[in-house]
Amino acid sequence: AEYLIEVDGLKKYFPIRDGVFGQETGQLRAVDGVSFNIRKGTIFGLVGESGSGKTTVGRTLLGLYDKTAGSVKFRGEDLHALRPKQLKALRPKIQLVFQDPYSSLNPRIRVGDAIGEAMLEHQLCSRAELREKVLEVMKICGLSPLHYNRFPHEFSGGQRQRIGIARALILQPEFIIADEPISALDVSIQAQIINLFSDLRDDHGVTFLFISHDLGVVEHLCDDVAVMYLGQLVETASRDVLFERPLHPYTQALLAAVPTLDPDSEPVAMVSGEIPDPSKPPAGCRFHTRCPYALARCRAEIPLLREVENGHRVACHLV
Ligand code: SF4
């Protein structure tokens, strides 16, 4: 398979500061040795509870956070080894779509101008060509030309997410990191945004890292999936294998708790017990404090992520 993204041993630690002088008293190991590859033209789902470190993975990939260790390759090139000039040229190719695009939209800038802004910033087209390019991506994202001169507050949540996606898409990215892009939207709107993502993959060859806590959506949309717990991957596989034959006790617990698509139902607590403090992760297997199968060995020995069948990797002593 041809990989667009190769992540190897990625770590991101944040200092924990305390006391009058802000002394460093510890480290938050938000991402602690994560490796995965994303095939070109596919959607890779990264799943976990809040506090698992999945958002930090996305931001570190993008270079918004400096990594602590490890490497990230884009089209075979180490992103962190590039010179500033090379990195700048690559910047438009990797885009981020947030949960709440409204926070990144200037309320006084008309939507069409907001979508086109980055094109001018990166000097990718002239002002004269801009309007046409903006209208083109607005169409792909299901926005009407009539929306061009409107202001962000005139739009619903779903339309604002389309604007956020249009802003990313106009730069013709090869890779989009979508961090919980639909969790703030109504279920009916969620479906439309999901369809837009699959069209972008199928018709425009865009590759995605789709970060989500929603397994129902991930099963529907993603080609490959990785499950993250307390800064580490516990299982990765193709979508079909992961959902049909989950092997890690954490993945099994998550899947057993997938809520129904009933918009009125409260989200179910996915796994019993609280996720432990990431600054003091449990020794051995990090999941042992919540795992129903934990053995003495699990408290002492770290299970490595091992391949159990073609492309299916699991980190558990029982498997
Ligand atoms: Fe549970 Fe042990 Fe497997 Fe960890 S290694 S998931 S504690 S059985």
Side-chain angles (χ1 to χ4, degrees), residues 7-14 26-37 44-58 60 68-70 209-219 222 224-259 267-319:
V7 179
D8 189 23
L10 189 69
K11 294 186 181 178
K12 175 61 193 172
Y13 296 175
F14 295 99
Q27 282 186 318
L28 181 85
R29 295 192 256 161
V31 177
D32 205 5
V34 162
S35 305
F36 60 88
N37 298 329
F44 187 95
L46 184 61
V47 177
E49 293 167 279
S50 60
S52 62
K54 58 194 194 304
T55 289
T56 307
V57 169
T60 311
T68 305
L209 176 65
F210 186 83
I211 300 172
S212 178
H213 68 279
D214 188 333
L215 281 153
V217 171
V218 166
E219 181 176 17
C222 297
D224 297 304
V225 183
V227 180
M228 200 166 173
Y229 186 75
L230 275 182
Q232 298 179 328
L233 297 188
V234 298
E235 184 160 11
T236 73
S238 67
R239 182 257 321 266
D240 292 348
V241 167
L242 192 101
F243 282 87
E244 273 161 33
R245 289 195 301 283
L247 290 175
H248 195 282
Y250 180 59
T251 313
Q252 290 173 348
L254 288 182
L255 287 179
V258 172
V268 182
M270 293 203 286
V271 184
S272 63
E274 292 278 308
I275 189 162
D277 180 349
S279 66
K280 300 182 207 75
C285 173
R286 291 186 177 184
F287 187 55
H288 84 246
T289 55
R290 298 164 85 189
C291 180
Y293 312 109
L295 312 163
R297 183 184 176 195
C298 303
R299 286 184 275 277
E301 212 180 301
I302 299 170
L304 298 175
L305 194 64
R306 284 178 302 125
E307 185 151 41
V308 290
E309 56 185 323
N310 194 14
H312 188 178
R313 297 184 299 155
V314 187
C316 173
H317 293 309
L318 283 189
V319 177

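Numbers here simply count residues along the sequence, with the first being 1. Whatever order the structure lists ligands and atoms in, that order sets their numbers, starting from 1. Computed from a prediction, not measured in an experiment: that's the story for all the values here.
Between the CZ atom in Arg290 and the CG atom in Leu230 there is a gap of 8.0 Å [rounded to 0.5 Å].
Relative ring orientation between Phe44 and Phe36 is described as parallel, the plane-to-plane angle staying below 30° on a 0-90° scale split at 30° and 60°.
Contact annotation for Cys316 and ligand 1: heavy atoms of both the backbone and the side chain come within less than 4.0 Å of the ligand. Contacts with ligand 1 closer than 4.0 Å are made by side-chain heavy atoms of His248 only, the backbone lying farther away.
In terms of protein heavy atoms, atom 4 (Fe) of ligand 1 is closest to Cys285 SG, 2.3 Å. Of the protein's non-hydrogen atoms, Cys298 SG, 2.2 Å is the one closest to atom 2 (Fe) of ligand 1. When hydrogens are left out, the protein atom nearest atom 5 (S) of ligand 1 is His317 N, 3.3 Å; that is the closest non-hydrogen contact.
Backbone or side-chain N, O or S atoms of Cys291 do not reach atom 4 (Fe) of ligand 1 at under 2.8 Å.
Just one of Glu235, Glu309, Glu307 meets the side chain to side chain contact (heavy atoms under 4.5 Å, CB included) condition when paired with Val314; it is Glu235.
Checking side-chain atoms of Arg239 against main-chain N and O of Glu219 turns up a donor-acceptor pair under 3.5 Å. Side chain of Thr56 to backbone of Val31: no donor-acceptor contact under 3.5 angstrom is found.
A donor-acceptor contact closer than 3.5 angstrom links the side chains of Ser279 and Asp277.
Between Leu318 and ligand 1 there is a heavy-atom distance shorter than 4.0 Å.
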